[in-house]
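Some notes on the structure that comes next.
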There are 2 protein chains.
Amino acid sequence: MLTGMASSPASARVPQEERTRAMRARLLEATVDCLVERGFAGTSTTLVSERAGVSRGAQLHHFPTKNALVVAAVEHLTEKRGAELAEAAATLPIGPSHTRAVLQVLGDHFASPVFAAALELWNAARTDPALLAAVAPLEQRVGRETHRLTVELLGIDESVPGNRELVQATLDLVRGLGLANTIGNDARRRGRILDRWAEVLEREIP
Amino acid sequence: MLTGMASSPASARVPQEERTRAMRARLLEATVDCLVERGFAGTSTTLVSERAGVSRGAQLHHFPTKNALVVAAVEHLTEKRGAELAEAAATLPIGPSHTRAVLQVLGDHFASPVFAAALELWNAARTDPALLAAVAPLEQRVGRETHRLTVELLGIDESVPGNRELVQATLDLVRGLGLANTIGNDARRRGRILDRWAEVLEREIP
DNA sequence: CAACAAACAGTCAAGCCTGACTTTTTCTTG
DNA sequence: CAAGAAAAAGTCAGGCTTGACTGTTTGTTG
């Protein structure tokens, strides 16, 4: 390849960092894909490097161990999660079925591959102390953020006793629906349940 | 050991079957324990045989492959599940806090090691077609049974529109709570949420 | 009581995964 | 433009898991 013009040293400094960033991104996305398709145990570092089109040496340069790779993938996933939710929240209709629409966004989110990858990590962390130490605080952070977003979207006053628990229940419900979805995909069932829950929420929260 | 009296051939026929049954039971329980402690990937057939005090040959005699062993463990687990729930349901108080008591039973059940083991299998089956084929129908059966039991315990009339969905939501909620419990054990949070849920249920279901 | 069958026990090679090591390419700096 | 440093690529040995193979004990049957 050409080395470019020597007169502008700043322009030559970019490519290196840019390539590094791109390589990391490719590795992390490949890791997430592997997690979704093959699960944590089925995700070998060799497989990730192959899929990302990155050499094994390069991979080990960025992420010395499998855990380091996966933990970094969690962070990456977190950002993806946040971006997805924020994007979906931005296009919400304001009308009589607002509550239902919010539940749909949440339900879809917890039924997406993103949730599957997170579930893999979550489950793996349950029996792996090192992973747990890295995942637990992150998940807590994400949980709080999701809670905050849900409160905002539903326009709930948390100072009213019981309202906070209702939001938590809603999130745990969609988490449970997401879990059920991983084995037997059943969007119709999910829809009916969320229909009913929207009714309840609107009656409980003035 | 003594061969016993020759006049009663039936008494001598028992020990063999009994030992076989006991050996299978030891293997299955050891498998479940391993699943809970180390997860699906961390459960090696060697480890199971060691923990069960069963030789490797004997193990392979009963269960030729790891999948066969784990699938059998699922069945075993299913019975354990059913027994636990039935037992807990038998000692329920009948009074004003009946709904809350039922939720407590369900919540506790989905926060127990039994759920952890089931979750391991569930998750592993997501990316393992052979395992999925064995687990899916079983889980469906258990799900229906749990639903039936919940309807019975809560004394719900499912012919009323919306009631069925409310029961399903309840089960998905406790599933979500169980999932959250696997990483950050938080019985207090769970209790508050179930308190609130009980309020909702009693108001929604006459 | 002796012979046969089934359950049980132990050993082992093939295959895979992880992470350390060595070489090559690419970018920066004087 | 040349030399040095950093990133990327490729190779490989050690450890672990699985399931096949062979030997031994226990229970049954004539």
Side-chain angles (χ1 to χ4, degrees), chain A residues 1-27 30-31 34-35 38-72 124 128 130-131, chain B residues 1-27 30-31 34-35 38-72 124 128 130-131:
Chain A
M1 316 268 173
L2 298 174
T3 49
M5 334 186 175
S7 55
S8 66
S11 68
R13 202 173 286 161
V14 178
Q16 183 195 24
E17 297 180 17
E18 201 53 39
R19 282 187 57 177
T20 296
R21 182 187 306 271
M23 184 149 291
R24 280 183 57 101
R26 278 217 310 272
L27 279 169
T31 303
C34 281
L35 283 174
R38 308 204 170 196
F40 182 84
T43 298
S44 78
T45 55
T46 310
L47 189 67
V48 169
S49 61
E50 280 174 7
R51 190 176 277 226
V54 170
S55 80
R56 189 144 179 70
Q59 180 189 40
L60 255 70
H61 177 71
H62 289 290
F63 309 101
T65 71
K66 181 183 177 180
N67 263 9
L69 176 65
V70 176
V71 168
D128 184 336
L131 206 55
Chain B
M1 314 273 176
L2 298 174
T3 49
M5 332 183 179
S7 54
S8 67
S11 68
R13 204 174 283 161
V14 178
Q16 183 195 25
E17 296 179 16
E18 200 53 40
R19 281 187 58 177
T20 296
R21 184 186 304 272
M23 183 150 290
R24 280 182 57 100
R26 279 217 311 272
L27 279 169
T31 303
C34 281
L35 283 174
R38 307 202 171 197
F40 182 82
T43 298
S44 79
T45 55
T46 311
L47 188 67
V48 170
S49 61
E50 281 174 7
R51 191 176 278 226
V54 170
S55 80
R56 190 144 178 68
Q59 179 189 40
L60 254 70
H61 177 72
H62 289 292
F63 309 102
T65 70
K66 180 183 178 180
N67 263 9
L69 176 65
V70 176
V71 167
D128 184 335
L131 206 55

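Hydrogens, waters and symmetry mates are skipped; everything else that's a heavy atom, side chains included, is used.
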Let me know the distance between [atom1] of [X] and [atom2] of [N], rounded to the nearest Å.
| X | N | atom1 | atom2 | result |
| --- | --- | --- | --- | --- |
| B:Met23 | D:dT26 | CE | P | 12 Å |
| A:Gln59 | D:dT11 | CD | P | 16 Å |
| A:His62 | D:dA9 | NE2 | C1' | 12 Å |
| B:Leu27 | C:dA9 | CG | C1' | 13 Å |
| B:Arg21 | C:dA6 | CZ | P | 19 Å |
| A:Asn67 | C:dG19 | CG | C1' | 13 Å |
| A:Lys66 | C:dC16 | NZ | P | 16 Å |
| A:Leu69 | C:dG19 | CG | C1' | 13 Å |

Do [X] and [Y] have side-chain heavy atoms sitting under 4.5 Å apart?
| X | Y | result |
| --- | --- | --- |
| B:Leu47 | B:Arg38 | yes |
| B:Leu131 | B:Phe40 | yes |
| A:Val70 | A:Thr43 | no |

Looking only at heavy atoms, which two atoms of [X] and [Y] are closest? And how far apart?
| X | Y | value |
| --- | --- | --- |
| B:Ala68 | B:Thr65 | N-OG1, 3.1 Å |
| A:Ala41 | A:Lys66 | O-NZ, 4.3 Å |
| A:Ala30 | A:Ala52 | CB-CB, 3.7 Å |

Of all the nucleotides listed (D:dG19, D:dA8, C:dA20), which has the minimum atom distance to the side chain of A:Arg56?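 Given the options D:dG19, D:dA8, C:dA20, the side chain of A:Arg56 is closest to C:dA20.
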Protein-nucleotides 21-23 of chain C N/O pairs under 3.5 Å:
none

Under 4.0 Å from OP1 or OP2 of C:dC8: is there any side-chain N or O of B:His61 that close?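 For B:His61, the contact criterion (side-chain N or O under 4.0 Å from OP1 or OP2 of C:dC8) is not met.
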Are OP1 or OP2 of C:dA9 and a side-chain N or O of B:Ser55 less than 4.0 angstrom apart?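 For B:Ser55, the contact criterion (side-chain N or O under 4.0 Å from OP1 or OP2 of C:dA9) is met.
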List the residues meeting side chain to side chain contact (heavy atoms under 4.5 Å, CB included) with B:Leu60, not counting sequence neighbours, and say none if there are none.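 Here the qualifying residues are B:Arg56.
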Out of curiosity, A:Thr31 OG1 to A:Arg26 CZ, how far, rounded to the nearest 0.5 Å?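 Here the rounded value is 12.0 Å.
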To the nearest 0.5 Å, what is the distance between CD on B:Glu50 and OG1 on B:Thr45?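 Taking CD in B:Glu50 and OG1 in B:Thr45, the distance rounds to 10.0 Å.
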Near DNA chain C, which residues from residues 43-54 of chain A have a heavy atom under 4.0 Å away?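 Only A:Thr43, A:Ser44, A:Thr45, A:Thr46 qualify.
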